[in-house]
Each structure stands twice: as C-alpha cells, then as structure tokens.
Amino acid sequence: MKQAKKFYFDVKWVFILGIVGFLLVFQVFPLLYLVFRGFFSTGKFSLEAFKRIYSNAVNWACVRNTLVTATLAMVFGVLIAFPLAWLVGRSNLYGRKFFRALFLMTYMVPPYVGAMAWLRLLNPKVGTLNMFLQKILGLSGMPFDIYSVGGLVWVLTTFYYPYAFITISRAMENMDPTLEEASRISGASPLRTLFTVTLPLMMPSIVAAALLVFVAAASCYGIPSIIGAPAKIFTITTRIVDYVYVGTADGLSDATALAIFLMVLALLLLYISTFVVGKRDYITISGKSVSPSVVDLGKWRIPLTIMVSLFALVVVVVPFMTVFATSFTVNMGKSIFEPGNFTLKYWNTIISRDSILKSTGNSVLSSIWAASLGMIVCLIMAYLLKRTQVKGRRIPDFLITVGSGTPSVVIALALIMTMSGRFGINIYNTMMIMVVAYMIKYMMMGMRTVVSALSNVSPSLEEAAQVSGAGWLRRLRDVLFPLIIPSIVAGWFLIFMPCFYELTMSNLLYSDNTKTLGVELFLYQTYHSQQTAAALAGGILILVVVVNFALNKISRGKFSI
Amino acid sequence: MSQIILDHVTKQYGDVVVLNDFSAEFEDGEFITLLGPSGCGKTTMLRMIAGFEKPTSGTIKIDGVTVSSADTFVPPEKRGLGMVFQSYAVWPHMNVFDNVAYPLKIRKLPKQEIRDKVMRVLEAVHLDQYEKRLPSQLSGGQQQRVALGRALVAEPKVLLLDEPLSNLDAKLREEMRYEIKDIQRRLHINIVYVTHDQSEAMTMSDRVFVIYAGELQQVGSPVEIYRHPRNQFVADFVGKVNFLKGTSQDGKILLDGVSESLDYSGDLTGPVDVAIRPENARLVRGGGQLPCRILSEFFMGDENDCLVQVGERQIHVASDAASYGQFGAEEPVGLEIREFLVFPQSGEEFEQILT
C-alpha cells in the first residue's frame, strides 16, 4: 500500500504572489505616495497645496474649464448616444449594422486625431468647413471658432459619445424583450413603451454611461492640449503636464494637488457608477436568447436614416477624410484639388525618416510588451477570480479597475515621482516605465474580455480533466487555453491598440531614446508639420480599421475593438 | 476490502453545515446511490470523494490510502477516479476519440495501447462509429456516453456519477440506466451515484444512502428503504405516501377525524403518524377498513389514480385499473388497506417535502 504525500506544491501561488507584488510596487505604492506627497509636501501635514488650487487663479480656471467642458460633453454625449443606440439597436433603420460598426470604430480612434481634424475644419481663419459654410450661407465672417470652450466641448463630445453608445447599446441588447412586449400587449404604443418601460429600465445604464463620458472627457489630454492650449483654455490635465515640464518645487506640488483632485473625482464617479448605480441595474440576461423586438419606424424610417447618415458624415467621415486630405496637401491654405497642391511626400516621410521609424519601433515594442505581460496578468487574475475560492481574490481585480479609472496624467506623474531612483527602483527614461504605465492604464480591457470568456467555460470541463489525472498547468494547456484563445487574442489587441498610439503618459515619460509614435505625432502637429502629423494619424486610422476587421473575422463577429 | 471509507466527514461553509458527521464504507464492486432532494449535501459528498472539496473534518480513504484528513490532502488528479458530470463536461474542442483518450495521454501510455483501449471503451458505450466527431455534432445522449467512456477508459476502481441522467429525455434515461448497471456488473467497479430521482436509485443500487438536510437518514437496499423506511422523510421521499395522524392504544390506531380505527400489532403507543402507500390501498364496494368517498379518478392505464375523502383527510389511492368508473357518485365505498407504516409523531408536516 502506497502512502499519500502530505503536501502537493501548488504552482498557482507563485504566479499569484508575483502579480500581486507587481501591482503593489508599480501601482498601489506610486498612487499612495502621490497622495502622501499632496498632504506632506513640506514634510509636515498640510493642506497648503490644496489651498493653492483655489487661491491661484490659473489653477482655479483650469479646474473650472475641466468641469464645464466635461459636464457639457457628458450631457451632449448622452443626448446623442441614447437615440442613436435605440435607432441602431432596436429600430428598422436602414444600414443598422453599418452604422453600428462605424460608431463603434470611433471608440478606438485616438482622440487627438479628432482634435487635429476639427482644427483644420473649424479654424477661425482658414477652416475648411468654416469657409465652405461661409460661402454657401453668404456670411460675412466665419461661423465657428474651434479655439473656444464651445470648440473644445464639440470635439470632446464627438470623440467620447461612443463610450455612452457602447454602454447603452449593450444594456439595450441585454434587456428582456418580454418586458416591452408586456407593455405593448397592455395597449401601449411603441413610443409610449419607449418612454414608460424602456427608458426607466435603462436609467441605471444611462447614468453609468454619462459618468463614463464625464470621467473620460475630464481625464483627456490630447484634445485640450491641441485645441485648448493655443486658445489659452487650460484644463487640469494640460496644467499638470505644464507644471511637470517646468519642474519647480512649487510647480510639482501644484501638479500633485491637481492630480489628486482629478484622481479622486474620477475614482469617485467610477465607484458611484459601478457600485451604486450598478446595484440598481434592472437589466437581466434571460437564459433564452430572444433577440429584442425591432420597432418599425414607419414613415419616419427614411427621414431618420438620412439624419443618422448626416450625423455619421459630420462626426466620423468628414473628420477622418480631413486627416487624409491634410496628409496629401502641400499648401494648407489652398484646396487639395488645386493643381500642384497634391503630394505623397508626407507619406514618404513617415515611412523613411529615421526618427519616425524609431519612434514607431518603440511604440510597437512597448505595446507588444504591455499587451503580452498584461494578458499574462489578466489571465491569471481572471482564473483566480473565476476558478478559485482564494481569500482576497477580488483585490487584484479591484486594483486593475482602479488603475484603468485613474487618469493617465496621474499615473504618469505618480510613476515619475516614485520610479526615478528615490526608492531603489530607477526605470525613469527607460521603455520599461512606459510599459508599466500602459499596463496599469489599459489592462482592464483584457481583463474584462478574459473574465467573460472564463465565465462561459463551465468549471466541470476542467474538473473532468483533473479527474482524468491532469495537473494544473496541464489542465490550462489542454482544456482552458484552447477554449478561450479567441478571447485572449482579442484581449491582447484591446491592450495593444491604445498603447500603440498612446499620447498622454508617453508625453510625460518619454526620453530621447524612448520617444513613441503618439509623442512624435504630437510634436509634429504642434511644432513642425501638420501634414506629417496627419499622415501618421492616417496610418494609425488604417491600422485601427484593419485590426478591427481582422479581429471580427477571427472571432466570427464576436469581437471587434 | 473496503474501497471507500468515509469516517465522520463533516462539511461546513461558514456556519452552514452542509453535511454532518457522515460515516460509511462502500465495498468493492458495490453500486452505491446517494439519494436526496437538491441541497441535501449529496453532491458535496461526491465532490469530497473526488477531491474538489475538502471536508471541514473527518477522514476519507480510497483503496486503503488516506486521501483527505486533517493533515493530508490528495488533489483530484492524483486519486485515480473516474467521474461523469451532470453537464457531461465533454471538451468541445476535442473530438470523441481525443476526449476519451485524455486520461490515458496524461498517464503517458504508448500510442497503440491508447488506441486499443479507447476503441474498446467506445465500443462498450456504442460510439465506435463516432470517434472523429466533435461533441457539437453529437446528441445529448451520445455526449453522455463520451463522458462515460472517458471516465471508464483508465479502468478506475471507483466511478463517480453526479446526476448523469438528469439532462436526458425519459426514454434515453431508462436505457442508460440499464447500460450503466450492466457496465458496473461487467467491470466489477465501485460506483457512487448521486441522484434525486428515487426510481434511478431503486433500479440500479445495491445500497441506497438517503440524505436529507446534511444528515444521513437511512442506509439499505432499495427494498429495505422502500418497505421499512426509518422515518417519515424516507417514507415520503422514496415512493409516494399518504400521512394520517392518529393515536395508538390497545392494539388499535384511532385516526384523527375518522370514526374507524386500524388494527395494529406494533409496540408504539400515543400519538403516531400512519403512512399509507397509494398501492397498498384498494377501493372495494362495501367493507374495507375505512369508509370513504371518491373525489376524483384518473385513468392511468395500469392503475386508477384516485383521490378519496377519509373523514377530514384526503388521500391518494392507486387502485386497480379495472375499478375506474365502477363506483357511483353517492355509492358508499370502502378502502381496503393491505399494509401501512407507523411512526412516532414528529410534529413536522412531511407531505410538504418534495424534490
């Protein structure tokens, strides 16, 4: 008779401890230190730094600008997203699938591309759209000025409404259609049903969507830095970056205080949207996969399709075409169709100039690292969450969520303060600090994908392998991995893409050797050649479309970015 | 030699006791059924034998080896068991052959030997035509056989079955019952079978363990637990039963609300519950121990399922099919009771307990 071994070494723990350690060192510690510095800037506890937010007119103006622009973008974003989500998801609008894909794609386009495009279109002196409108309407001056709070709100809205669109569409699709059918059977018209049943049921999702847009708009750096800065409209994010560049002690302490304000605001709203609003979520996913009923628009079908098309034209097609047009234009004061004004030189530049190629290489490399390491972390964390009863298994999930909710500017600032040798780790000026920053900010996308994939794999599939004699690693390799590989690929790209064209954190963390594509584009846009920047943006747009298409094919329509 | 020994096994989740102080020995080649309503702890017991759950206290031995105790724990993959899951858990990304071959691949058997063994098992579960198919191309019953084949291929001494038939339709369920029983006889393995379906337990088991609310209620052969249930719960859960309250004294049981009484030779006195199985009562014209009135009759083909009023109580009777429609509405009818069970009154209303 053989004697059973007393203990079996569990490989799980090595991975789990490693990852929790990583998150503690590179996320929790820097953010806590940032907060600590905010209160102990002089060595003793003081609120001095926070008083300067209110007492210093420059700081107060940027807080006000941020709150005003983000609030307006939130209101307009939801006002656009809800009808759009309903029309695309629940009505017999023509071309629903096409519009859906189009609006979702904007989600993956870097916001600064929008800023560049609208700058060209609504420039108060030479804006293409401005001149066009002036001509056909016979106006004496330019109708719009992009260099204004209104301009900023407009670009923020057009680039962040997709966040609300996605959230609201998803909730609409998951709604039990019988709830609405019950209303129809009771004698309510489709419109009445929309207002008395659909809308109230959707309220928690709408609030969550609104908060998401607010946080995204308030944390955005690309748009206010390209549009706001020339107009002297500063926001919290642009202010923080300026202070960091100046680098004085007072400046850093102001930056810290502003960063804490922004972080607390963002995390508080995300907390409200997940835990307070989320609890009141009525949307239930019924086991039966009945697709929600489609409402016949009747005589409104054609007019509404035209309206949605116009919206898509103005918000998606025109800006993207503008970027491409700019990249082929010699003299931006003239139309691209004038003879001699068309050139391929800027596209040639971006595929031949050494500095650009090097930055692109840096971006590719750091994004591959971030996506690959990120996915490893996500996989293990998701496994921990869904497959074990380990105490505290929600902590890493929570940390990853907090990381993604923390504004990019804040993450970068916290890493600069802690990772430049003061505490024994010096990765400042290296690519590693960017990889770390990217992971903290974007891992959640991969995490959500893998968690939902794992939820769909019944634990008994693994238990069956275990009874068959397979150890943990063997089970992962033979059963779990093959079943969730499409989700792993999708998750990888969901981390890779935003890292690839990331601007905000890279802009604070780059050094001469680690300049990334986003930074390169930003520098060209601001200082050198808008056409070269446009060519880079055009390249990024093409990549987004291609990756999106490929992912859709690989996963048979289950995933797209 | 004993194949599985459970020694004072208790499982608690926080303060909730799922299984309390469970002791049992399952012999070699025995077909054991753990029977009880859902949530009674039977699946937990099975998962503790498999090693997916750790007992809070107590010892589990398989084939003489302690696999689970206060200071020892052998994980499921080292226990060498076979198991069939309620959801089958057939891997969707592997074809039938690969699914069944998996345990042998883990044991690193030579290719040819794996092939031979898998084909032999596939033949035994009537799937030898389907080795290349993916699970998505199989019916529920076929997937079930794949799961069974996979559990059997490594020739385990113990086979664990977790409600394996509950997702099949009625006809297939009956077929699989005989097949499982047949395989168990041929291979002479120890099967531990979890179910809430008493007819599965009755037809297949050597011994049935009736579990309720985390407590073992009774152990015995199907005949024993049906004929001699130890308490009201077992009587009610295994088979159908009508409960009547009464008082036992002087060799008679006076039923509450009924003028007649039943002759009783047992030694219980005082307040008692009388349990009458529907098939042990018969409708007769005049006579019988209890006069009654027919409330409704349903013709079931093999029996006449009727509801009758006895005093203030209503009871179900499975009378012979020929009696259907034989009695007029106001005709006095008697109930002839062939057999009944008597329990001391526990105060609980046992007719409410269903699966």
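Naming: A, B, ... by sequence-line order, numbering from 1 per chain.
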Enquirer: Does A:Trp492 have any side chain to side chain contact (heavy atoms under 4.5 Å, CB included) partners at least two apart in sequence or in another chain, and if so, which?
Expert: A:Ile368, A:Ala371, A:Ser372, A:Met375, A:Phe496

Enquirer: Counting only heavy atoms not in B:Lys181, do more than 12 sit closer than 6.0 Å to its NZ atom?
Expert: yes

Enquirer: Could you tell me the separation between the NZ atom of B:Lys105 and the CG atom of A:Asp478, rounded to the nearest 0.5 Å?
Expert: 8.5 Å

Enquirer: Roughly how far apart are A:Arg475 CZ and B:Tyr102 OH, rounded to 0.5 Å?
Expert: 8.5 Å

Enquirer: What side-chain donor-acceptor pairs closer than 3.5 Å can you find for residues 83-91 of chain B, not counting sequence neighbours?
Expert:
unit_1: B:Gln86; atom_1: NE2; unit_2: B:Ser166; atom_2: OG; d: 3.1
unit_1: B:Ser87; atom_1: OG; unit_2: A:Ser460; atom_2: OG; d: 2.9
unit_1: B:Trp91; atom_1: NE1; unit_2: A:Leu461; atom_2: O; d: 2.5

Enquirer: Just to be sure I understand the criterion: a residue of residues 8-19 of chain B counts if one of its heavy atoms is under 4.5 Å from a heavy atom of chain A. Which ones qualify?
Expert: none

Enquirer: Considering non-hydrogen atoms only, spot the tightest contact between A:Ser468 and B:Arg107 and give its length.
Expert: O-NH1, 2.8 Å

Enquirer: Sort by residue number and list every residue of residues 130-151 of chain B having at least one heavy atom under 4.5 Å from chain A.
Expert: B:Arg150

Enquirer: So B:Glu77 and A:Val467, do their side chains get closer than 4.5 Å, heavy atoms only?
Expert: no

Enquirer: Which one wins on heavy-atom pair count under 4.5 Å against chain A: B:Gly80, B:Pro92, B:Ala50?
Expert: B:Pro92

